[in-house]
2 protein chains.
Amino acid sequence: MDKKKILIVEDEADIRELLRYHLEREGFDVLEAGDGPGGLALARSERPALMLLDVMLPGMDGFDVLRGLAAEGGPVVPVLLLTARGEEVDRVVGLTLGADDYVVKPFSVRELMLRVKAVLRRQDRSLSGSVLRRGGVSLDAERHRAEVNGEPVALTATEFRLLEDLLRHSGAVRTREQLLNTVWGYSFEGYARTVDTHVRRLRAKLGAAADVIETVRGVGYRLKED
Amino acid sequence: MDKKKILIVEDEADIRELLRYHLEREGFDVLEAGDGPGGLALARSERPALMLLDVMLPGMDGFDVLRGLAAEGGPVVPVLLLTARGEEVDRVVGLTLGADDYVVKPFSVRELMLRVKAVLRRQDRSLSGSVLRRGGVSLDAERHRAEVNGEPVALTATEFRLLEDLLRHSGAVRTREQLLNTVWGYSFEGYARTVDTHVRRLRAKLGAAADVIETVRGVGYRLKED
DNA sequence: GAAGGCTTGTCACGGTATTGTCACATGTTC
DNA sequence: GAACATGTGACAATACCGTGACAAGCCTTC
C-alpha cells in the first residue's frame, strides 16, 4: 500500500483544484468527480481511503451518494462531508447516513487537512494493532518503544521509523527507494546509501537480533521471516 | 445488566434526533428533554447513567442545570457537556461545575460516541470518581484539581487540559500535532513549539514529579509508565 | 476605566543528539 | 582479479529541545 487515494466529489472546479493541490502536497493520490454518479462509480471502482463529499451537488446530491454507498453493502468508504454554513439539518442527516465527520464551508484548508488525517488515523488504528513483532524484536508504535528479547532498546526517531517500515513489510524486500519514500518522506532528495548507514546503526542497537535485517544484494533490505 | 439510560438535554430537535439514532444503535436507552427544567426532572426521576447536556439552552442554561444537580446532593449524574466552538471559558466553568467531559460543536459523531463510552467506562471502573493517576500525579477531572504527592498544584486551564490528555493516553506518545488538535482544537493555527513551552511550565509546576512527562526526541511527549 | 497580575503564544539562543555524506575497507559475483 | 555492492569509521551540518524573555490578551480589583 503506497499513497492513499482520496476521492473528491464536488461540482465547483475551483474547489476541486484547491483540494487537489493541498492533498497532493500531503502525499495523497487524488481522484476527482464533478457529480454524484461519477463519485459513486469511482468510489466503487477505486475504493479510495477517504471520500470528500460536497452536500450541494446538482442532480444527485451528497445524501443520495451516501445512500448509494450504504445500499452497496460492500467495504465501507469513509466519508468526510463538506457542508455549507448553516445547513444544520444537513449535517445531521449526513452523519445519520454514515458520514464520519464534516467540515463547514468556507473551511480553513489547515483544518480540513487535520480532519482528513484524523479520519484516516482512526481508520488505520482500527485495522492494525500497534505492536509489531518478529523474532526477538518487538516494536510498539503507539508508545514508541522497542524491545529485543524483552530488553528495551533506545532508538532514534529515524531508526524507529525504519524498523517499523521493515516490520510492517516483514519478509518483503524493501528497496532503498521505497525506504526513502516512506521513512524519509516523498520530498527527501538525497543519497540513496544513507539508508545503509541507518541500517548499520539499527543493527548495532539490535545487538543479538541484528540479523533479523537481511541484506538482499542488488535490491535492498528485508526482515527475516520466522 | 440492562441497557444503560442516557439523557439528552438539547433544544434543537435535529440534534436530539441524531444523538438518539446513534446512541440507540450502540444499545443505549435514550431519554430526551428539550429544556433545562425538563432535563433536571428526568435526571432526578430516571437516574440516567449519563447526561448529554447542551450549554446553550433557552431560559435555564446548561450551567444552571449543573448547579441544580449539584444542589441536590444525591447520587451524582455524570455529565458530558456539548459546547459551541470557541466557548473556551465555558469548558472550564463546566468542568468546575462538575461535568465529566465536554465535546465541542460541531462534533464528529464518532468522537462523541467514543467520549460517551469513555465516561461510562470511567464511571464503572472507579466508583471513587473520575480521578486519573500516574506516579505521584493525580488529576480530578470532575473537580478540576491536580495533586502531586498529595499536595495540591494550581494549574491553568491549558496546563490542565494538556496534562489530562497525556494522562488519558498514558504511556503513548503524543505528537505535537496531536496535542494541538486535542488540547488546543482543530481550528488552532499556530506554532507547534507552543506545546514545548506549556510542557515546560507544566513540568515546573509538577516539581518533584516533573519527570513523569518524558520527551521522545523527534516525536513528541509521553507520560511515563509505572 | 485604569492598573496590575495572570495566562498564553512566539521567538531567539545555545547546547546536544541526531543525521547525512563521504572516503575507504571489505565482501560478493562473474 | 575486475567490477560492483555493501559495511565501516569519521566528521560536519543539521534538527531538535530546553530555556529565558516578551508582548498581547484577559480578568480582577480598586
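Computed from a predicted structure; not experimentally measured. Within every chain, numbering begins at 1; the chains are lettered A, B, ... in the order of the sequence lines, protein sequences first and strands thereafter.
- Counting non-hydrogen atoms under 4.0 angstrom, A:E159 reaches nothing in the nucleic acid.
- Judged by distance alone, with hydrogens and angles left aside, A:R203 brings no side-chain donor or acceptor close enough to the base of D:dG7 to form a pair under 3.5 Å.
- Here D:dC16 presents its P atom at 17 Å from CZ of A:F160, a figure rounded to the nearest Å.
- Here the C1' atom of nucleotide C:dG20 and the CG atom of A:L180 are 11 Å apart, to the nearest Å.
- You'll find the side chain of B:E177 stays beyond 4.5 Å of the side chain of A:K117, heavy atoms only.
- Using a 4.5 Å heavy-atom cutoff, the side chains of A:W184 and A:V195 are in contact.
- Straight-line distance from the CZ atom of B:R222 to the P atom of D:dC17: 13 Å, rounded to whole Å.
- For A:F188, the CZ atom counts as densely surrounded, since its 6.0 Å shell holds more than 12 non-hydrogen atoms of other residues, nucleotides or ligands.
- Between B:L7 and B:G39 the shortest heavy-atom distance is CD2-O, 3.5 Å.
- When the C1' atom of D:dT6 is taken as reference, atom CG of A:D196 falls 6 Å away, rounded to whole Å.
- B:T197 has no side-chain polar atom (N or O) that falls below the 4.0 Å cut-off from OP1 or OP2 of C:dG9.
- As a whole-Å value, the separation of A:R193 CZ from C:dT26 C1' is 12 Å.
- When heavy atoms are screened at a 4.0 angstrom cut-off, B:T156 is found touching the sugar-phosphate backbone but no base atom.
- Residue A:T194 places at least one side-chain N or O closer than 4.0 Å to OP1 or OP2 of C:dT21.
- Between the CZ atom of A:R200 and the P atom of C:dT18 there is a distance of 15 Å, given to the nearest Å.
- For residues 204-218 of chain A, proximity to DNA chain D is found at A:T215, A:V216, A:R217, A:G218, defined as any non-hydrogen atom under 4.0 angstrom from a strand atom.
- Taking side-chain N and O atoms only, A:R201 has no distance below 4.0 Å to OP1 or OP2 of D:dG7.
- Remark: B:Y191 is not in phosphate contact with C:dA12, judged by side-chain N or O atoms under 4.0 Å from OP1 or OP2.
- The phosphate of D:dT6 has OP1 or OP2 within less than 4.0 Å of a side-chain N or O from A:R176.
- Remark: P of C:dT18 and CG of A:L202 are 14 Å apart, rounded to the nearest angstrom.
- At a threshold of 4.0 Å, the pair B:E225-A:R143 counts as salt-bridged, since one of the basic side-chain nitrogens sits closer than that to a carboxylate oxygen.
- Residue A:W184 has a polar side-chain atom (N or O) positioned under 4.0 Å from OP1 or OP2 of C:dG20.
- The nearest whole Å value for the distance from the CG atom in A:L179 to the C1' atom in C:dG20 is 16 Å.
- Under the 4.5 Å side-chain criterion, counting only non-hydrogen atoms from C-beta, B:L23 is in contact with B:L52.
- For residues 203-215 of chain B, the salt bridge (Lys or Arg N to Asp or Glu O under 4.0 Å) pairs, not counting sequence neighbours, are A:R145-B:E214, B:E159-B:K205, B:D211-B:K224, B:E214-B:R222.
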